[in-house]
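One structure is given below, encoded as C-alpha coordinates.
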Number of protein chains: 2
Amino acid sequence: MRDQKKNRRRVQILEIARGIIATKGLRSLKVRDVAEAAGCSVGSVYNEFGDFDGVILTVNRETVQALTERLAGVPAEDPVRQLYGLAETYLEFFAEHANLLRSLFEHRMEDDRPYPDDILQMVMDAFALMHPPLVRLLPDADDVKIALLSRTLFSAVHGIISLGLEERMVAVPPQLLRQQVEQFLDAHLAGLGILPLR
Amino acid sequence: MRDQKKNRRRVQILEIARGIIATKGLRSLKVRDVAEAAGCSVGSVYNEFGDFDGVILTVNRETVQALTERLAGVPAEDPVRQLYGLAETYLEFFAEHANLLRSLFEHRMEDDRPYPDDILQMVMDAFALMHPPLVRLLPDADDVKIALLSRTLFSAVHGIISLGLEERMVAVPPQLLRQQVEQFLDAHLAGLGILPLR
DNA sequence: CTACCAATGTGAACATTGTTCAATTTAACC
DNA sequence: GGTTAAATTGAACAATGTTCACATTGGTAG
(Lines give C-alpha, C1' and ligand atoms only; values in the text may rest on other atoms or scores of the structure.)
Protein backbone atom coordinates (compact mmCIF):
# COMPACT_ATOMS: atom_id res chain seq x y z
CA MET A 1 0.00 0.00 0.00
CA ARG A 2 2.94 2.25 0.67
CA ASP A 3 4.29 1.32 -2.71
CA GLN A 4 0.99 1.92 -4.49
CA LYS A 5 0.65 5.38 -3.04
CA LYS A 6 4.24 6.24 -3.70
CA ASN A 7 4.04 5.03 -7.24
CA ARG A 8 0.85 6.89 -7.93
CA ARG A 9 2.50 10.09 -6.85
CA ARG A 10 5.62 9.37 -8.85
CA VAL A 11 3.50 8.95 -11.95
CA GLN A 12 1.54 12.07 -11.11
CA ILE A 13 4.67 14.17 -10.71
CA LEU A 14 5.94 12.94 -14.05
CA GLU A 15 2.67 13.72 -15.81
CA ILE A 16 2.61 17.22 -14.39
CA ALA A 17 6.23 17.84 -15.32
CA ARG A 18 5.66 16.46 -18.80
CA GLY A 19 2.61 18.67 -19.19
CA ILE A 20 4.53 21.79 -18.25
CA ILE A 21 7.45 20.96 -20.52
CA ALA A 22 5.11 20.14 -23.39
CA THR A 23 3.04 23.29 -23.10
CA LYS A 24 5.45 25.91 -21.79
CA GLY A 25 8.89 24.52 -22.46
CA LEU A 26 11.63 23.07 -20.29
CA ARG A 27 12.72 26.46 -19.07
CA SER A 28 9.34 27.04 -17.44
CA LEU A 29 9.55 23.87 -15.35
CA LYS A 30 9.87 24.78 -11.67
CA VAL A 31 10.07 22.44 -8.67
CA ARG A 32 7.54 24.41 -6.68
CA ASP A 33 5.01 24.42 -9.50
CA VAL A 34 5.30 20.67 -9.87
CA ALA A 35 5.05 20.04 -6.14
CA GLU A 36 2.04 22.31 -5.77
CA ALA A 37 0.24 20.76 -8.74
CA ALA A 38 0.96 17.29 -7.38
CA GLY A 39 -0.30 18.30 -3.95
CA CYS A 40 2.92 17.46 -2.18
CA SER A 41 5.98 19.21 -0.82
CA VAL A 42 9.13 19.96 -2.76
CA GLY A 43 10.93 17.55 -0.48
CA SER A 44 8.86 14.67 -1.82
CA VAL A 45 9.95 15.47 -5.35
CA TYR A 46 13.52 15.26 -4.17
CA ASN A 47 12.91 12.04 -2.28
CA GLU A 48 11.50 10.48 -5.40
CA PHE A 49 13.92 11.77 -8.04
CA GLY A 50 17.10 12.78 -6.22
CA ASP A 51 17.34 16.14 -7.87
CA PHE A 52 15.42 18.17 -10.39
CA ASP A 53 17.45 16.85 -13.28
CA GLY A 54 16.13 13.46 -12.23
CA VAL A 55 12.58 14.54 -13.05
CA ILE A 56 13.62 15.95 -16.42
CA LEU A 57 15.64 12.87 -17.31
CA THR A 58 12.78 10.56 -16.40
CA VAL A 59 10.42 12.55 -18.62
CA ASN A 60 13.02 12.40 -21.40
CA ARG A 61 13.39 8.67 -20.94
CA GLU A 62 9.66 8.22 -21.35
CA THR A 63 9.66 10.51 -24.38
CA VAL A 64 12.19 8.39 -26.21
CA GLN A 65 10.28 5.27 -25.18
CA ALA A 66 7.07 6.67 -26.63
CA LEU A 67 8.92 7.70 -29.76
CA THR A 68 10.39 4.24 -30.17
CA GLU A 69 6.96 2.66 -29.83
CA ARG A 70 5.53 4.95 -32.46
CA LEU A 71 8.40 4.24 -34.82
CA ALA A 72 8.17 0.52 -34.17
CA GLY A 73 4.57 0.66 -35.36
CA VAL A 74 5.58 1.65 -38.88
CA PRO A 75 4.68 -1.19 -41.29
CA ALA A 76 7.67 -3.19 -42.45
CA GLU A 77 6.32 -4.96 -45.51
CA ASP A 78 7.90 -2.70 -48.06
CA PRO A 79 11.35 -1.49 -46.94
CA VAL A 80 11.13 1.67 -49.06
CA ARG A 81 7.75 2.57 -47.64
CA GLN A 82 9.11 1.77 -44.20
CA LEU A 83 11.89 4.33 -44.59
CA TYR A 84 9.42 7.00 -45.67
CA GLY A 85 7.11 5.92 -42.88
CA LEU A 86 9.83 6.23 -40.26
CA ALA A 87 10.68 9.73 -41.40
CA GLU A 88 7.07 10.85 -41.56
CA THR A 89 6.24 9.28 -38.24
CA TYR A 90 9.20 11.05 -36.71
CA LEU A 91 7.90 14.30 -38.18
CA GLU A 92 4.43 13.70 -36.81
CA PHE A 93 5.74 12.81 -33.37
CA PHE A 94 8.09 15.79 -33.32
CA ALA A 95 5.30 18.13 -34.39
CA GLU A 96 2.99 16.77 -31.70
CA HIS A 97 5.58 16.88 -28.94
CA ALA A 98 8.05 19.52 -30.03
CA ASN A 99 8.93 20.74 -26.55
CA LEU A 100 9.37 17.21 -25.23
CA LEU A 101 11.75 16.36 -28.05
CA ARG A 102 13.66 19.57 -27.46
CA SER A 103 13.96 18.66 -23.81
CA LEU A 104 15.37 15.31 -24.87
CA PHE A 105 17.94 16.74 -27.25
CA GLU A 106 18.78 20.05 -25.65
CA HIS A 107 18.84 19.48 -21.93
CA ARG A 108 22.30 19.86 -20.43
CA MET A 109 23.32 18.46 -17.08
CA GLU A 110 24.50 20.62 -14.21
CA ASP A 111 28.26 21.04 -14.03
CA ASP A 112 29.78 18.40 -16.27
CA ARG A 113 27.89 15.37 -15.14
CA PRO A 114 27.41 12.93 -18.00
CA TYR A 115 24.05 12.36 -19.59
CA PRO A 116 22.70 8.94 -18.53
CA ASP A 117 23.93 6.24 -20.84
CA ASP A 118 20.65 4.39 -21.04
CA ILE A 119 18.88 7.40 -22.57
CA LEU A 120 21.65 7.90 -25.11
CA GLN A 121 21.43 4.25 -25.98
CA MET A 122 17.69 4.44 -26.41
CA VAL A 123 18.03 7.36 -28.81
CA MET A 124 20.65 5.51 -30.79
CA ASP A 125 18.43 2.44 -30.86
CA ALA A 126 15.52 4.52 -32.15
CA PHE A 127 17.75 5.97 -34.86
CA ALA A 128 18.84 2.44 -35.72
CA LEU A 129 15.30 1.54 -36.74
CA MET A 130 16.25 2.42 -40.30
CA HIS A 131 18.79 -0.37 -40.19
CA PRO A 132 16.57 -3.37 -41.05
CA PRO A 133 14.91 -1.83 -44.11
CA LEU A 134 18.26 -0.57 -45.34
CA VAL A 135 19.73 -4.06 -44.99
CA ARG A 136 16.92 -5.42 -47.14
CA LEU A 137 17.43 -2.72 -49.74
CA LEU A 138 21.21 -3.01 -49.84
CA PRO A 139 21.82 -6.73 -49.31
CA ASP A 140 25.40 -6.60 -50.57
CA ALA A 141 26.57 -3.81 -48.33
CA ASP A 142 28.69 -4.23 -45.22
CA ASP A 143 26.56 -4.40 -42.11
CA VAL A 144 28.70 -1.88 -40.24
CA LYS A 145 28.33 0.55 -43.10
CA ILE A 146 24.58 0.14 -43.06
CA ALA A 147 24.57 0.81 -39.34
CA LEU A 148 26.45 4.03 -39.96
CA LEU A 149 24.19 4.92 -42.86
CA SER A 150 21.15 4.36 -40.73
CA ARG A 151 22.39 6.76 -38.11
CA THR A 152 23.45 9.29 -40.72
CA LEU A 153 20.16 9.20 -42.53
CA PHE A 154 18.09 9.49 -39.39
CA SER A 155 20.31 12.29 -38.10
CA ALA A 156 19.80 14.13 -41.38
CA VAL A 157 16.04 13.73 -41.10
CA HIS A 158 16.25 14.89 -37.51
CA GLY A 159 18.14 18.01 -38.59
CA ILE A 160 15.60 18.87 -41.29
CA ILE A 161 12.68 18.38 -38.94
CA SER A 162 14.08 19.96 -35.80
CA LEU A 163 15.17 23.08 -37.63
CA GLY A 164 12.04 23.12 -39.76
CA LEU A 165 9.80 22.99 -36.71
CA GLU A 166 11.88 25.51 -34.84
CA GLU A 167 9.38 28.28 -34.44
CA ARG A 168 12.32 30.45 -33.53
CA MET A 169 13.38 30.12 -37.13
CA VAL A 170 11.19 31.33 -39.92
CA ALA A 171 8.48 28.77 -39.46
CA VAL A 172 8.20 26.20 -42.20
CA PRO A 173 4.55 25.25 -42.74
CA PRO A 174 3.99 21.63 -41.61
CA GLN A 175 2.71 20.46 -44.95
CA LEU A 176 5.70 21.95 -46.71
CA LEU A 177 7.97 20.29 -44.19
CA ARG A 178 6.44 16.92 -44.90
CA GLN A 179 7.04 17.45 -48.57
CA GLN A 180 10.55 18.60 -47.81
CA VAL A 181 11.30 15.38 -45.94
CA GLU A 182 9.83 13.26 -48.70
CA GLN A 183 11.82 14.98 -51.40
CA PHE A 184 14.91 14.64 -49.31
CA LEU A 185 14.38 10.90 -49.08
CA ASP A 186 13.54 10.71 -52.79
CA ALA A 187 16.89 12.18 -53.70
CA HIS A 188 18.93 10.38 -51.11
CA LEU A 189 17.54 6.94 -51.77
CA ALA A 190 17.96 7.48 -55.47
CA GLY A 191 21.59 8.35 -54.80
CA LEU A 192 21.97 5.10 -52.91
CA GLY A 193 20.67 3.25 -55.94
CA ILE A 194 17.29 2.60 -54.40
CA LEU A 195 14.17 3.26 -56.42
CA PRO A 196 12.11 5.87 -54.59
CA LEU A 197 8.36 5.64 -54.15
CA ARG A 198 7.28 8.14 -56.73
CA MET B 1 36.41 58.80 -24.11
CA ARG B 2 33.30 57.63 -22.32
CA ASP B 3 32.42 55.67 -25.40
CA GLN B 4 35.87 54.15 -25.75
CA LYS B 5 35.91 52.88 -22.20
CA LYS B 6 32.38 51.66 -22.39
CA ASN B 7 33.04 49.84 -25.61
CA ARG B 8 36.23 48.27 -24.30
CA ARG B 9 34.32 46.85 -21.39
CA ARG B 10 31.47 45.68 -23.58
CA VAL B 11 33.93 43.75 -25.70
CA GLN B 12 35.64 42.39 -22.62
CA ILE B 13 32.39 41.16 -21.11
CA LEU B 14 31.54 39.41 -24.37
CA GLU B 15 34.94 37.75 -24.59
CA ILE B 16 34.68 36.49 -21.04
CA ALA B 17 31.15 35.21 -21.57
CA ARG B 18 32.15 33.55 -24.83
CA GLY B 19 35.13 31.92 -23.12
CA ILE B 20 32.96 30.48 -20.37
CA ILE B 21 30.34 29.19 -22.80
CA ALA B 22 33.00 27.69 -25.06
CA THR B 23 34.88 25.91 -22.29
CA LYS B 24 32.23 25.04 -19.73
CA GLY B 25 28.95 25.31 -21.57
CA LEU B 26 26.07 27.76 -21.50
CA ARG B 27 24.70 26.37 -18.28
CA SER B 28 27.87 27.38 -16.44
CA LEU B 29 27.58 31.02 -17.45
CA LYS B 30 26.82 33.16 -14.38
CA VAL B 31 26.42 36.96 -14.19
CA ARG B 32 28.62 37.25 -11.14
CA ASP B 33 31.43 35.25 -12.71
CA VAL B 34 31.37 37.44 -15.79
CA ALA B 35 31.25 40.67 -13.77
CA GLU B 36 34.10 39.60 -11.52
CA ALA B 37 36.28 38.49 -14.43
CA ALA B 38 35.57 41.78 -16.20
CA GLY B 39 36.38 43.73 -13.06
CA CYS B 40 33.04 45.46 -12.87
CA SER B 41 29.77 45.15 -10.99
CA VAL B 42 26.83 43.05 -12.01
CA GLY B 43 24.90 46.27 -12.53
CA SER B 44 27.23 47.26 -15.35
CA VAL B 45 26.52 44.05 -17.19
CA TYR B 46 22.83 44.88 -16.97
CA ASN B 47 23.38 48.48 -18.06
CA GLU B 48 25.20 47.24 -21.11
CA PHE B 49 23.02 44.29 -22.12
CA GLY B 50 19.62 44.84 -20.51
CA ASP B 51 19.42 41.35 -19.10
CA PHE B 52 21.50 38.22 -19.04
CA ASP B 53 19.84 36.84 -22.13
CA GLY B 54 21.21 39.94 -23.85
CA VAL B 55 24.76 38.78 -23.19
CA ILE B 56 24.03 35.29 -24.48
CA LEU B 57 22.25 36.58 -27.57
CA THR B 58 25.10 38.92 -28.39
CA VAL B 59 27.57 36.06 -28.12
CA ASN B 60 25.30 33.97 -30.34
CA ARG B 61 25.06 36.78 -32.85
CA GLU B 62 28.84 36.94 -33.07
CA THR B 63 29.02 33.17 -33.36
CA VAL B 64 26.79 33.08 -36.42
CA GLN B 65 28.74 36.02 -37.85
CA ALA B 66 32.01 34.16 -37.43
CA LEU B 67 30.44 31.05 -38.92
CA THR B 68 29.19 32.98 -41.93
CA GLU B 69 32.64 34.45 -42.53
CA ARG B 70 34.22 31.03 -42.41
CA LEU B 71 31.64 29.60 -44.80
CA ALA B 72 31.98 32.59 -47.11
CA GLY B 73 35.67 31.76 -47.43
CA VAL B 74 34.98 28.44 -49.12
CA PRO B 75 36.25 28.58 -52.73
CA ALA B 76 33.50 28.90 -55.31
CA GLU B 77 35.25 27.87 -58.51
CA ASP B 78 33.82 24.40 -58.66
CA PRO B 79 30.23 24.25 -57.37
CA VAL B 80 30.49 20.60 -56.39
CA ARG B 81 33.66 21.21 -54.43
CA GLN B 82 32.01 24.23 -52.90
CA LEU B 83 29.17 22.12 -51.52
CA TYR B 84 31.60 19.65 -50.00
CA GLY B 85 33.67 22.55 -48.73
CA LEU B 86 30.69 24.18 -47.05
CA ALA B 87 29.78 20.96 -45.27
CA GLU B 88 33.34 20.25 -44.20
CA THR B 89 33.90 23.82 -43.07
CA TYR B 90 30.73 23.64 -41.04
CA LEU B 91 32.00 20.44 -39.48
CA GLU B 92 35.35 22.02 -38.65
CA PHE B 93 33.74 25.11 -37.19
CA PHE B 94 31.27 23.06 -35.17
CA ALA B 95 34.04 20.82 -33.85
CA GLU B 96 36.11 23.85 -32.85
CA HIS B 97 33.27 25.71 -31.21
CA ALA B 98 30.79 23.04 -30.22
CA ASN B 99 29.51 24.76 -27.10
CA LEU B 100 29.10 28.08 -28.90
CA LEU B 101 27.06 26.45 -31.64
CA ARG B 102 24.96 24.65 -29.04
CA SER B 103 24.33 27.98 -27.36
CA LEU B 104 23.19 29.34 -30.70
CA PHE B 105 20.81 26.50 -31.47
CA GLU B 106 19.66 25.45 -28.03
CA HIS B 107 19.25 28.61 -26.02
CA ARG B 108 15.63 29.30 -25.10
CA MET B 109 14.33 32.68 -24.04
CA GLU B 110 12.76 33.32 -20.66
CA ASP B 111 8.97 33.04 -20.64
CA ASP B 112 7.82 33.06 -24.22
CA ARG B 113 9.72 36.00 -25.55
CA PRO B 114 10.63 35.51 -29.19
CA TYR B 115 14.14 34.84 -30.32
CA PRO B 116 15.55 37.96 -32.02
CA ASP B 117 14.70 37.98 -35.69
CA ASP B 118 18.06 39.23 -36.85
CA ILE B 119 19.83 36.16 -35.44
CA LEU B 120 17.33 33.81 -37.02
CA GLN B 121 17.79 35.60 -40.30
CA MET B 122 21.56 35.33 -40.04
CA VAL B 123 21.31 31.59 -39.49
CA MET B 124 19.00 31.22 -42.45
CA ASP B 125 21.37 33.31 -44.54
CA ALA B 126 24.27 31.09 -43.55
CA PHE B 127 22.27 28.01 -44.48
CA ALA B 128 21.45 29.67 -47.79
CA LEU B 129 25.12 29.67 -48.77
CA MET B 130 24.50 26.40 -50.56
CA HIS B 131 22.09 28.20 -52.83
CA PRO B 132 24.53 29.67 -55.42
CA PRO B 133 26.41 26.43 -56.11
CA LEU B 134 23.14 24.52 -56.34
CA VAL B 135 21.81 27.04 -58.86
CA ARG B 136 24.88 26.47 -60.99
CA LEU B 137 24.50 22.71 -60.74
CA LEU B 138 20.75 22.67 -61.39
CA PRO B 139 20.28 25.50 -63.90
CA ASP B 140 16.85 24.32 -65.00
CA ALA B 141 15.34 24.09 -61.55
CA ASP B 142 12.93 26.58 -60.03
CA ASP B 143 14.76 29.10 -57.88
CA VAL B 144 12.30 28.74 -54.99
CA LYS B 145 12.84 25.00 -55.03
CA ILE B 146 16.57 25.47 -54.94
CA ALA B 147 16.19 27.80 -51.96
CA LEU B 148 14.24 25.11 -50.17
CA LEU B 149 16.72 22.47 -51.20
CA SER B 150 19.57 24.56 -49.90
CA ARG B 151 17.96 24.85 -46.50
CA THR B 152 17.04 21.18 -46.46
CA LEU B 153 20.51 20.05 -47.38
CA PHE B 154 22.24 22.29 -44.88
CA SER B 155 19.77 21.29 -42.17
CA ALA B 156 20.52 17.65 -42.91
CA VAL B 157 24.24 18.27 -42.65
CA HIS B 158 23.62 20.16 -39.43
CA GLY B 159 21.73 17.21 -38.01
CA ILE B 160 24.46 14.75 -38.89
CA ILE B 161 27.16 16.95 -37.42
CA SER B 162 25.38 18.17 -34.30
CA LEU B 163 24.34 14.67 -33.29
CA GLY B 164 27.67 13.22 -34.37
CA LEU B 165 29.59 15.67 -32.21
CA GLU B 166 27.22 15.28 -29.31
CA GLU B 167 29.54 13.85 -26.73
CA ARG B 168 26.41 12.94 -24.83
CA MET B 169 25.72 10.44 -27.55
CA VAL B 170 28.13 7.66 -28.25
CA ALA B 171 30.90 9.83 -29.60
CA VAL B 172 31.58 9.50 -33.28
CA PRO B 173 35.32 9.90 -33.98
CA PRO B 174 35.92 13.19 -35.87
CA GLN B 175 37.58 11.52 -38.82
CA LEU B 176 34.71 9.09 -39.17
CA LEU B 177 32.28 11.96 -38.98
CA ARG B 178 34.03 13.75 -41.81
CA GLN B 179 33.78 10.65 -43.90
CA GLN B 180 30.15 10.27 -42.89
CA VAL B 181 29.36 13.79 -44.13
CA GLU B 182 31.21 13.19 -47.39
CA GLN B 183 29.42 9.96 -48.08
CA PHE B 184 26.16 11.61 -47.26
CA LEU B 185 26.84 14.29 -49.85
CA ASP B 186 28.04 11.69 -52.35
CA ALA B 187 24.74 9.88 -52.18
CA HIS B 188 22.54 12.92 -52.03
CA LEU B 189 24.15 14.78 -54.90
CA ALA B 190 24.07 11.63 -56.98
CA GLY B 191 20.37 11.41 -56.24
CA LEU B 192 19.95 14.95 -57.46
CA GLY B 193 21.64 13.97 -60.68
CA ILE B 194 24.88 15.73 -59.82
CA LEU B 195 28.15 13.91 -60.37
CA PRO B 196 29.89 13.60 -57.01
CA LEU B 197 33.59 14.29 -56.50
CA ARG B 198 34.83 10.74 -56.24
C1' DC C 1 -5.82 -2.86 19.97
C1' DT C 2 -1.71 -0.57 21.18
C1' DA C 3 2.95 0.48 20.99
C1' DC C 4 6.71 0.84 18.49
C1' DC C 5 9.66 1.80 14.57
C1' DA C 6 11.27 2.41 10.07
C1' DA C 7 10.01 4.71 6.09
C1' DT C 8 8.06 8.61 4.20
C1' DG C 9 6.61 13.36 3.90
C1' DT C 10 7.03 18.19 5.22
C1' DG C 11 8.29 22.91 4.68
C1' DA C 12 11.15 26.23 6.70
C1' DA C 13 15.71 27.50 6.05
C1' DC C 14 19.57 27.78 3.10
C1' DA C 15 22.31 28.36 -1.35
C1' DT C 16 22.68 30.02 -5.78
C1' DT C 17 21.75 33.12 -9.19
C1' DG C 18 19.11 36.62 -11.96
C1' DT C 19 17.38 41.50 -11.31
C1' DT C 20 16.61 46.15 -9.54
C1' DC C 21 17.60 50.77 -8.03
C1' DA C 22 18.90 54.49 -4.75
C1' DA C 23 23.20 56.28 -3.80
C1' DT C 24 27.73 57.22 -5.47
C1' DT C 25 31.22 58.19 -8.71
C1' DT C 26 32.79 59.81 -13.05
C1' DA C 27 33.71 62.69 -16.82
C1' DA C 28 32.25 66.06 -20.19
C1' DC C 29 31.18 70.90 -20.53
C1' DC C 30 31.23 75.71 -19.53
C1' DG D 1 36.51 74.54 -10.53
C1' DG D 2 31.64 73.89 -10.38
C1' DT D 3 27.67 71.79 -12.56
C1' DT D 4 25.30 68.22 -14.33
C1' DA D 5 24.05 64.27 -16.84
C1' DA D 6 25.54 59.84 -17.49
C1' DA D 7 27.65 55.74 -15.84
C1' DT D 8 28.73 52.68 -12.05
C1' DT D 9 28.14 50.42 -7.93
C1' DG D 10 26.70 46.80 -4.80
C1' DA D 11 23.48 45.94 -1.37
C1' DA D 12 18.95 44.39 -1.35
C1' DC D 13 15.42 41.75 -3.55
C1' DA D 14 13.30 37.93 -6.21
C1' DA D 15 13.14 33.49 -8.08
C1' DT D 16 14.41 28.97 -7.73
C1' DG D 17 17.13 24.64 -6.64
C1' DT D 18 18.50 21.99 -2.44
C1' DT D 19 18.82 20.26 2.26
C1' DC D 20 17.48 18.39 6.61
C1' DA D 21 15.62 18.25 11.34
C1' DC D 22 11.23 17.23 12.58
C1' DA D 23 6.49 15.43 12.03
C1' DT D 24 3.55 12.02 10.10
C1' DT D 25 2.33 7.63 8.58
C1' DG D 26 1.63 2.87 7.98
C1' DG D 27 3.19 -1.66 8.79
C1' DT D 28 4.12 -5.03 12.48
C1' DA D 29 4.81 -7.45 16.78
C1' DG D 30 3.18 -8.24 21.33
Side-chain angles (χ1 to χ4, degrees), chain A residues 1-21 23-60 103 106-113 115-116, chain B residues 1-14 16-21 23-60 99 103 106-113 115-116:
Chain A
M1 186 257 179
R2 278 258 253 270
D3 286 357
Q4 286 174 31
K5 197 166 150 191
K6 193 173 159 148
N7 201 276
R8 194 158 4 143
R9 175 138 79 202
R10 181 186 172 86
V11 170
Q12 195 187 8
I13 289 173
L14 287 174
E15 277 171 5
I16 289 161
R18 176 167 32 248
I20 293 174
I21 295 176
T23 57
K24 301 196 291 179
L26 181 57
R27 211 177 156 174
S28 298
L29 188 68
K30 307 289 147 85
V31 215
R32 284 170 178 75
D33 292 347
V34 173
E36 192 184 5
C40 69
S41 67
V42 294
S44 294
V45 178
Y46 276 78
N47 285 341
E48 192 58 40
F49 295 96
D51 60 9
F52 204 47
D53 269 355
V55 181
I56 298 167
L57 291 176
T58 307
V59 170
N60 287 352
S103 170
E106 295 173 6
H107 177 61
R108 304 283 152 184
M109 305 288 287
E110 192 67 54
D111 303 316
D112 288 327
R113 283 187 307 189
Y115 209 78
Chain B
M1 186 259 179
R2 280 256 253 270
D3 286 356
Q4 285 175 30
K5 198 166 151 190
K6 192 172 161 151
N7 202 277
R8 195 156 4 143
R9 175 141 79 203
R10 181 184 173 86
V11 170
Q12 195 187 8
I13 289 173
L14 288 174
I16 289 161
R18 175 165 37 245
I20 292 174
I21 295 176
T23 56
K24 301 196 291 181
L26 182 57
R27 213 178 154 174
S28 298
L29 189 67
K30 307 289 148 79
V31 215
R32 285 170 179 74
D33 292 348
V34 173
E36 192 184 6
C40 69
S41 68
V42 293
S44 294
V45 178
Y46 276 78
N47 286 341
E48 191 59 39
F49 294 95
D51 60 10
F52 204 47
D53 269 355
V55 180
I56 298 167
L57 292 176
T58 307
V59 170
N60 287 352
N99 280 332
S103 171
E106 294 173 6
H107 177 61
R108 304 281 153 186
M109 304 289 286
E110 192 67 55
D111 304 315
D112 288 327
R113 282 187 306 188
Y115 208 78

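Because only heavy atoms are used, hydrogens play no part in the values below, and waters and symmetry mates are left out as well, while side chains stay in.
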Write down the distance between [atom1] ([X]) and [atom2] ([N]), rounded to a whole number of angstrom.
X     : N      : atom1 : atom2 : answer
B/R27 : D/dT16 : CZ    : P     : 14 Å
A/L26 : D/dT16 : CG    : P     : 13 Å
A/I20 : D/dT16 : CD1   : P     : 12 Å
A/F49 : C/dT8  : CZ    : P     : 14 Å
B/N7  : D/dT8  : CG    : P     : 12 Å
B/E48 : C/dT19 : CD    : C1'   : 17 Å
B/R8  : C/dA27 : CZ    : P     : 11 Å
B/I13 : D/dT9  : CD1   : C1'   : 13 Å

Got a sec, which residues hit side-chain hydrogen bond (donor to acceptor under 3.5 Å, both in side chains) with B/N47, two or more places apart in sequence or on another chain?
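Checked B/N47 against side-chain hydrogen bond (donor to acceptor under 3.5 Å, both in side chains); zero matches.
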Hey, what are the protein-to-nucleotides 20-23 of chain D N/O distances that come in under 3.5 Å?
none

For [X], enumerate each residue passing the salt bridge (charged side-chain N to carboxylate O under 4.0 Å, His left out) test, keeping only those at least two apart in sequence or located in another chain.
X     : value
A/R27 : B/D53, B/E110
A/R18 : A/E62
A/R10 : A/E48

Roughly how far, to the nearest 0.5 Å, is the CZ atom of B/R108 from the CD1 atom of B/I56?
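That separation rounds to 13.0 Å.
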For DNA chain D, the residues among residues 30-41 of chain B that have a non-hydrogen atom under 4.0 Å from it
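Residues of residues 30-41 of chain B under 4.0 Å from DNA chain D: B/R32, B/C40, B/S41.
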Using atom types as modelled, flag every donor-acceptor pair under 3.5 Å from a side chain in residues 28-35 of chain B to any protein atom, sequence neighbours excluded.
from: B/S28; atom 1: OG; to: B/K24; atom 2: O; distance (Å): 3.1

Please tell me which of A/V42 and B/E110 maps to the more 5' nucleotide of DNA chain D, matching each residue to the nucleotide holding its nearest heavy atom.
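First, find each residue's nearest nucleotide; the 5'-ward one identifies B/E110.
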For B/Q12, give me all partners under side chain to side chain contact (heavy atoms under 4.5 Å, CB included), at least two apart in sequence or on another chain.
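Expected list: B/I16, B/A38.
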Does any N or O in the side chain of A/T23 come within less than 3.5 Å of the main-chain N or O of A/G19, such that one atom is a donor and the other an acceptor?
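Answer holds: yes.
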Is there a donor-acceptor pair under 3.5 Å between the side chain of A/N60 and the backbone N or O of A/S103?
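Yes; at least one donor-acceptor contact below 3.5 Å.
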D/dA7 phosphate, OP1 or OP2: any side-chain N/O from B/R9 under 4.0 angstrom?
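No, B/R9 has no side-chain N/O under 4.0 Å of OP1/OP2 on D/dA7.
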